[in-house]
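What follows is a single structure, written as structure tokens, with notes after it.
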Amino acid sequence: MEIIPAVTYTYLRSKKKFPNVWCAGCGIGIALGAIIRAIDNLKLDRNDVAMVSGIGCSSRMPVYVDFNTLHTTHGRALAFATGVKLANPKLKVIVITGDGDGLAIGGNHFIHTCRRNIDITTILINNSTYGMTGGQYSPTTPFMKIGTTAPYGNRERDFDICNLAKSAGATFVARGTVYHVTLLEKIVQQAILKKGFSLVEVISHCHTFYGRLNKEGTAVKMMEWQKEHAIPIQAAAKLPPEKLKDKFLIGTLWDVDFPEYCEEYDKVIAQFQVPPEDSEGKK
Amino acid sequence: MEQNKKARILQGNEACAEGALVAGANFFAGYPITPSTEIAEYLARNLPRRGGKFIQMEDEIASIAAVIGASIAGAKAMTATSGPGFSLMQENIGYAYMAEVPCVIVDVQRGGPSTGLPTKVSQSDTMQARWGTHGDYHAIALAPSSVRECFGLTIRAFNLAEKYRTPVILLMDEVLGHMREKVILPEPDEIKVFNRMKPTVPPEWYQHFEINPHFVSPMASFGEGYRYNITGLTHDPLGFPTSRPEEIEAKLNKLEKKITSNVNDIVRVEEEFMEDATIAVFAYGIVARAARQAIRMAQHKRIRVGLIQPLTIWPFPDIYMEQMSEQLEAIIVAELNQGQLLGEVMRTNCGKTKVYGLNRFDGDILTPEQIFAKIREVR
């Protein structure tokens with residue numbers, strides 16, 4: 001296992017911008033490690049990787065890595081990424097987002113990018129809170145949990161991100177955690193390979209705000225919670241329903257095929273493109 | 001020479017879209033909104049015919065975001081909208097300005113505020129084009145007054161966007177967008193098309209936001225081997241977020257100087273009968289058409305009145321207007337709003353001239369007769 005850090009370091013803009021913005025114990029760095037190893041396993045050319053993000057703790061990830069990196073406005077990463085991918089389909093476009101960025105302010109772009117089935121890999125790091133702004137409740141804060149803007153308990157229902165993506169038309173949906181790091185690496189790799197829109201939900205933790213407000217303990221305690229509550233999808237099939245209560249599934253949850261948007265558009269061009277002199281004056 | 005060319009009947013919106021194609025646009029993202037929709041429809045049909053790409057996004061915020069993303073990946077990209085959609089785009093227009101991404105935003109203006117008058121003419125987004133996004137911002141906005149100018153200024157909008165690595169706004173209006181007139185378009189080889197400067201240095205020397213004496217840095221696209229960071233956060237020349245005062249100031253100075261040190265290149269003003277005029281009608285967009293007619297009516301009555309038609313609204317033609325204030329006794333600022341460029345005209349002439357607003361905001365255009373009546377009144 002000693003060589004694993006060595007691989008990750010070669011992808012970091014290490015001279016430039018370290019130390020990073022994340023709290024000690026944060027799960028986002030673990031997710032970054034898994035993403036880098038997945039990219040390294042696939043032997044992708046770094047010049048062909050575009051990493052796009054919005055705003056929030058997780059969205060600060062691209063600045064640290066040696067790819068084509070684009071840190072956009074709050075909630076809009078998928079819309080920017082759609083332009084990048086469509087303009088240059090050779091690029092492997094990976095979107096890094098969080099539960100607030102991706103599902104609240106960016107919720108509309110999320111469902112429509114799923115529906116469009118454009119070949120973008122989205123890694124949504126779900127820590128159930130707005131960490132960067134200090135612990136407000138997010139679309140994935142569970143019912144009755146505390147946020148600084150839900151001091152008496154969150155009275156809203158939380159999103160099931162994977163079901164949302166599946167219903168909206170994503171062709172690959174998987175869930176991992178920052179505790180199950182080898183599984184995470186594997187599903188990120190599958191997601192990047194998938195031709196079509198793929199979503200990986202990464203269950204992470206924010207011990208600094210969410211954990212403290214909800215008395216869930218240290219980063220280690222919160223990762224133990226992930227370990228105890230995650231059930232691999234293969235194992236879940238054999239378990240009685242009562243054993244699945246309060247648990248969540250990890251692994252590849254959905255994998256289907258549907259025509260990919262950029263390829264479909266290329267077919268339109270192939271069929272309708274005309275030499276420049278013929279297109280003059282016609283509609 | 002002109003007689004050899006084919007005359008065409010084109011709508012303003014179609015001429016704008018055709019101008020975009022001639023300028024080399026190969027990407028459009030948009031969302032339907034009256035009165036701009038024909039631009040999207042025209043490009044949905046014609047972009048793939050020329051190997052370009054069109055996408056209808058889920059809203060205007062996504063549209064401008066996709067346009068910026070496409071430009072970063074190397075495309076010449078445009079979107080078109082109207083007031084409400086233009087409002088939604090403002091945050092990302094600021095992003096394009098901060099991240100120095102060339103792109104063109106067409107606003108076919110309709111009556112506001114709010115949903116306002118979807119099918120009626122207005123020029124009430126003039127100030128939104130200047131101040132719509134947050135933060136210190138130096139806009140470029142152009143305003144055509146005919147179908148032919150819709151074509152030409154769309155090309156110019158692309159050229160300025162590419163030359164200065166900045167978003168450029170084309171302010172059209174409902175009448176112009178929907179009006180059809182005979183136009184003779186120039187041949188493609190008569191049209192000057194400017195493309196963004198590309199880096200000539202090896203990737204390890206490349207600075208995406210280099211600060212140089214021209215205030216415009218060469219721009220590599222994603223996928224060309226120059227791996228760099230782009231962010232809307234205030235950044236250093238490498239594109240990394242910074243909170244160092246000297247780097248912040250240098251970045252914001254660069255953005256400002258890029259526009260203010262090039263006003264002579266960016267600003268264009270058309271004039272008519274201004275040589276000996278003592279009264280001027282200041283009009284842009286569709287109103288300039290009515291003003292031309294009004295001025296002819298006034299000339300028949302031997303009134304020495306001329307037309308000032310800024311083709312560039314932002315940056316405002318300060319220098320030209322300052323010079324004119326020496327010669328003129330009165331300026332009539334005719335606009336389809338409650339007085340937006342009126343304040344700019346007053347600012348630039350420093351009280352030397354009487355300035356009168358002629359404002360119509362009931363959903364119809366100012367007529368030549370109304371402008372003529374105002375000329376007679378102020379004379």
Side-chain angles (χ1 to χ4, degrees), chain A residues 13 16-17 21 46-50 52-53 55 60 62-91 93 108-109 111-113 115-116 118 261-262 265-266 268-274 276 278-283, chain B residues 6 8 14 18 21 26-27 29 41-42 45-55 57-59 61-77 91-92 94-95 99 185 187-188 203 220-233 235-236 238-241:
Chain A
R13 287 165 169 163
K16 308 276 162 56
K17 289 288 150 182
V21 297
R46 319 177 175 204
N47 290 323
D48 295 338
V49 177
V52 186
S53 69
I55 296 291
R60 293 303 283 263
V63 72
Y64 302 118
V65 280
D66 186 21
F67 302 121
N68 304 283
T69 56
L70 180 59
H71 177 232
T72 71
T73 46
H74 199 18
R76 318 301 171 202
L78 284 166
F80 278 81
T82 297
V84 171
K85 180 70 186 178
L86 193 52
N88 184 356
K90 280 193 305 236
L91 292 170
V93 180
N108 197 29
H109 310 308
I111 56 176
H112 285 280
T113 319
R115 176 184 63 77
R116 207 171 271 133
I118 187 165
Y261 181 80
C262 294
Y265 204 94
D266 283 343
V268 172
I269 294 176
Q271 193 179 344
F272 295 99
Q273 190 169 13
V274 287
D278 293 357
S279 64
E280 276 302 308
K282 284 185 193 166
K283 282 201 245 171
Chain B
K6 242 187 331 195
R8 292 168 69 178
E14 291 171 343
E18 191 59 37
L21 292 171
N26 53 7
F27 188 93
E41 289 173 340
Y42 192 93
R45 255 187 332 262
N46 287 297
L47 269 171
R49 290 168 64 91
R50 306 198 189 190
K53 289 174 180 177
F54 168 93
I55 187 167
M57 296 298 286
E58 52 273 17
D59 58 29
I61 303 173
S63 302
I64 179 74
V67 160
I68 297 168
S71 182
I72 289 167
K76 288 180 87 167
E91 184 194 10
N92 282 337
Y95 184 92
L185 299 181
E187 295 298 322
S221 304
F222 274 14
E224 290 181 338
Y226 295 82
R227 297 187 301 273
Y228 54 87
N229 188 58
I230 299 182
T231 176
L233 290 166
H235 45 263
D236 64 17
L238 289 168
F240 294 121

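No hydrogens, no waters, no symmetry mates; every other heavy atom, side chains included, goes into these values. Residue numbers begin at 1 in each chain, while the letters A, B, ... track the order of the sequences.
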Open item on the list: Counting heavy-atom pairs under 4.5 Å with chain A, which one of Leu233(B), Asn26(B), Val67(B) comes out on top?
Closed with: Leu233(B)
Open item on the list: Suppose we screen for ring pair (Phe, Tyr, Trp, His ring centres under 6.0 Å). Which residues come up paired with Tyr228(B), at least two apart in sequence or across chains?
Closed with: Tyr206(B), His208(B), Phe222(B)
Task: Which atom of Pro241(B) lies closest to which atom of Val63(A), heavy atoms considered - done: CD-CG2, 3.8 Å
Open item on the list: With a 4.5 angstrom heavy-atom cut-off, is it the side chain or the backbone of Leu86(A) that approaches chain B, or both, or neither?
Closed with: both
- [ ] Answer yes or no: is there a side-chain heavy-atom contact under 4.5 Å between His109(A) and Asp59(B)?
- [x] yes
Task: Between OG1 on residue Thr69(A) and CG on residue Asn229(B), distance to nearest 0.5 Å - done: 3.5 Å
- [ ] Check ring pair (Phe, Tyr, Trp, His ring centres under 6.0 Å) between His112(A) and all other residues, then give those that pass, not counting sequence neighbours.
- [x] none
Task: Selection from Asn108(A), Asp66(A), Val268(A) maximising heavy-atom pairs under 4.5 Å formed with chain B - done: Asp66(A)
Task: Which portion of Tyr226(B) sits near chain A, non-hydrogen atoms under 4.5 angstrom - done: backbone
- [ ] For Asn47(A) and Gly225(B), work out which heavy atoms get closest and say how close.
- [x] OD1-CA, 3.4 Å
Task: Salt-bridge contact Arg227(B)-Asp48(A) (side-chain N to carboxylate O under 4.0 Å) - done: no
Task: Validation row: Phe240(B), Arg13(A) side chains within 4.5 angstrom (heavy atoms) - done: yes
- [ ] Could you pull out the closest heavy-atom pair between Val84(A) and Ala73(B), with the gap in Å?
- [x] O-CB, 3.6 Å
- [ ] With rounding to the nearest 0.5 Å, note down the distance linking CZ in Arg76(A) to CD1 in Ile61(B).
- [x] 4.0 Å
- [ ] Using a 4.5 Å cut-off on heavy atoms from C-beta on, say whether the side chain of Glu224(B) contacts that of Asn88(A).
- [x] no
Task: Non-hydrogen atoms of Glu58(B) and Arg116(A) that approach each other most closely - done: OE1-NH2, 2.8 Å
Task: Any side-chain heavy-atom pair of Met57(B) and Thr113(A) under 4.5 Å - done: no
TODO: Quick one: which of Thr82(A), Thr73(A), Ile55(A) has the most heavy-atom pairs under 4.5 Å with chain B, could you say?
DONE: Thr73(A)
Open item on the list: Can you give me the closest heavy-atom contact between Tyr265(A) and Phe54(B), atom names plus distance?
Closed with: OH-N, 2.8 Å
Open item on the list: Rounded to the nearest 0.5 Å, what separates atom OG1 in Thr72(A) from atom CD1 in Ile72(B)?
Closed with: 9.0 Å
Task: Largest heavy-atom contact set with chain B, pairs under 4.5 Å, which of Arg60(A), Gln271(A), Lys90(A), Lys85(A) - done: Arg60(A)
Task: Pick from Leu70(A), Val52(A), Val49(A) with the largest number of heavy-atom pairs that fall under 4.5 Å of chain B - done: Leu70(A)
Open item on the list: Testing the basics here: between Gly223(B) and Leu91(A), what is the closest heavy-atom pair and its distance to 0.1 Å?
Closed with: CA-CD2, 3.7 Å
TODO: Tell me, for Ile64(B) versus chain A, whether the close heavy atoms (under 4.5 Å) come from the side chain, the backbone, both or neither.
DONE: neither
